[in-house]
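Reading through the structure tokens given below for one structure.
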Protein chains: 2
Amino acid sequence: MKQTTSKLQDTLLDATETVVARQGIANLTLDAVAAEARMSKGGLLHHFPSKDRLVEALVIRTAEGWRSCYTEAYERTPEGPGRMARALLDHCLSDAKCWTEELRRSSSAVFAALAQNPALIQPMRAVYADLHLRIAKDGLPSGVAEAVAAAIDGLWLDWVLGIVPLEQDRVVRVRRALEDMLAHATQNRRSSKAKSAPRKRSGGLRV
Amino acid sequence: MKQTTSKLQDTLLDATETVVARQGIANLTLDAVAAEARMSKGGLLHHFPSKDRLVEALVIRTAEGWRSCYTEAYERTPEGPGRMARALLDHCLSDAKCWTEELRRSSSAVFAALAQNPALIQPMRAVYADLHLRIAKDGLPSGVAEAVAAAIDGLWLDWVLGIVPLEQDRVVRVRRALEDMLAHATQNRRSSKAKSAPRKRSGGLRV
DNA sequence: TCAAGCATACCGTCCGGTCGGTCTGGTGTC
DNA sequence: GACACCAGACCGACCGGACGGTATGCTTGA
């Protein structure tokens, strides 16, 4: 799965992202990529045997980037219940230092690629499966970590698609809400090992 | 913005979705759509002057569908703080009755369309702006409703892209976590009108 | 009879992929 | 050191098919 990408191949993949970012994946042509990378089409095809392979490599590279990203965040985070959730909060929602323009470009390129060729979900699925595994054994009522992950995905979606402009404030607000949720969950877990407090039937929550 | 779509145009849009769902938007051709709708290409072009317009109409139809969907949910929800958040929870996360295969198809088609032509974000943006307006004046610490919306978006993303298979259990777990968060927020708001309790610096949350 | 609805044939363009070729640097041989 | 040889990197002209769009004509109902 993790293929060796040479320096030059990386350059070509960068060029691909650039073209997609600028012209949309509908206008992603081998000629355009080659031009962007200042190479001939023949040269490009020498490194990637087909357009499909090129795009696939792009997706894989990005997926692996994500994996190592959250893996490192996890390693950095102190042990204890909710470790993965805390890692996600700290890494993804702190000061937006991880919401770089570069990430946006690659993410949006991957999105486009997925739309083009649904089979490319595969590498993504692998990464997500890995992530959800960590989340599952997070040591908290499992919905909590899942909610955190989902919320981050949601913010990320808005951002990548450009549906809603990225407001720093909004990220901070959401982060606080999620942190509170996490704190409460941790607290409850500590105070009562019993089944979580009796709750209204799931139809409900009327205030 | 809200264009009148005739019965027949709807059929053609359905056909378009079907083709996208089956073959990906890369293989969305006028011929394919026409064939799917059992009509000639000329007939198709008689109703939609170009492929772009066809796809645009598809996006608009879906966007308006979403809008009316959450608007109705909002109307159905009792007044009070967190109304929009509750509406979203009740509608989107209750028994998955709104996670229909039909929605998945149309959503994924829209995704593909957006990837193909970024300008089509426009209708989506309008709908989201409307939604976020309601969320902003939800009467709770604003991050809470935003977090709910984001989490739902995240679940929705996983589902539409097929990154993670839709598990009913997972939806329920996340729903509970979010409900708890909402309940706490509502409670805090009731007990203290003061600024929310002193919190650790946002760097933190160490358990 | 006229217009709207639709079908058929066709055109021009674009683009992925092929293929023959050139250039460069490395390696053995004398 | 000179030479032959070779492999891999890279080029770019070209081909063939696909696809969006047009032009034109048929059919049906008012």
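Not measured: the values here are computed from a predicted model. In what follows, every chain begins at residue 1, and chains take the letters A, B, ... in the order their sequences are listed. We use all heavy atoms of the structure for the numbers below, so side chains are in, but hydrogens, waters and symmetry mates are not.
Minimum atom distance to the side chain of B:S40 is reached by C:dT8, of the listed C:dT8, C:dG17, D:dC10.
Within 4.0 Å (heavy atoms only), B:L54 reaches no atom of the nucleic acid at all.
A sub-4.0 Å separation between OP1 or OP2 of C:dG16 and a side-chain N or O of A:K51 is present. One finds a side-chain N or O of B:H47 lying less than 4.0 angstrom from the OP1 or OP2 phosphate oxygen of C:dC6. Proximity of B:H46 to the phosphate of C:dG5: a side-chain N or O atom is located under 4.0 Å from OP1 or OP2.
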Let me see the working for B:E64 and B:R67 under salt bridge (charged side-chain N to carboxylate O under 4.0 Å, His left out), right down to the final yes or no.
CA-CA 5 Å; B:E64 291 304 324; B:R67 185 203 296 272; 3.2 Å; yes
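Outside the 6.0 Å centre-distance limit, the rings of A:W159 and A:F111 are not counted as a close aromatic pair.
A:R83 places a side-chain N or O within donor-acceptor distance of the main-chain N or O of A:T77, the cut-off being under 3.5 Å.
The shortest side-chain heavy-atom distance between A:D10 and A:R61 falls under the 4.5 Å cut-off.
Positionally, the nearest nucleotide of DNA chain C for A:T29 lies more toward the 5' end than for the other of A:G42 and A:T29.
The pair A:R86-A:E179 fails the salt-bridge criterion, with no side-chain N (NZ, NE, NH1 or NH2) lying under 4.0 Å from an Asp/Glu carboxylate O.
We find that CG of B:L30 is positioned 6 Å from P of D:dG21, with the value rounded to whole Å. The interatomic distance linking B:M39 (CE) with C:dG5 (C1') rounds to 8 Å, in whole Å. Regarding B:L45, its CG atom lies at a distance of 8 Å from the C1' atom of D:dG20, rounded to whole Å. To the nearest angstrom, C1' of C:dA9 lies 12 Å from CG of B:D31. For the pair B:N27 CG and D:dG20 C1', the computed distance is 15 Å after rounding to whole Å. We find that CG of B:L44 is positioned 11 Å from C1' of D:dG20, with the value rounded to whole Å. The CZ atom of A:F48 sits 13 Å away from the P atom of D:dA9 (whole-angstrom rounding). Taking atom CG of B:L28 as the reference point, atom C1' of D:dA18 lies 14 Å away to the nearest angstrom.
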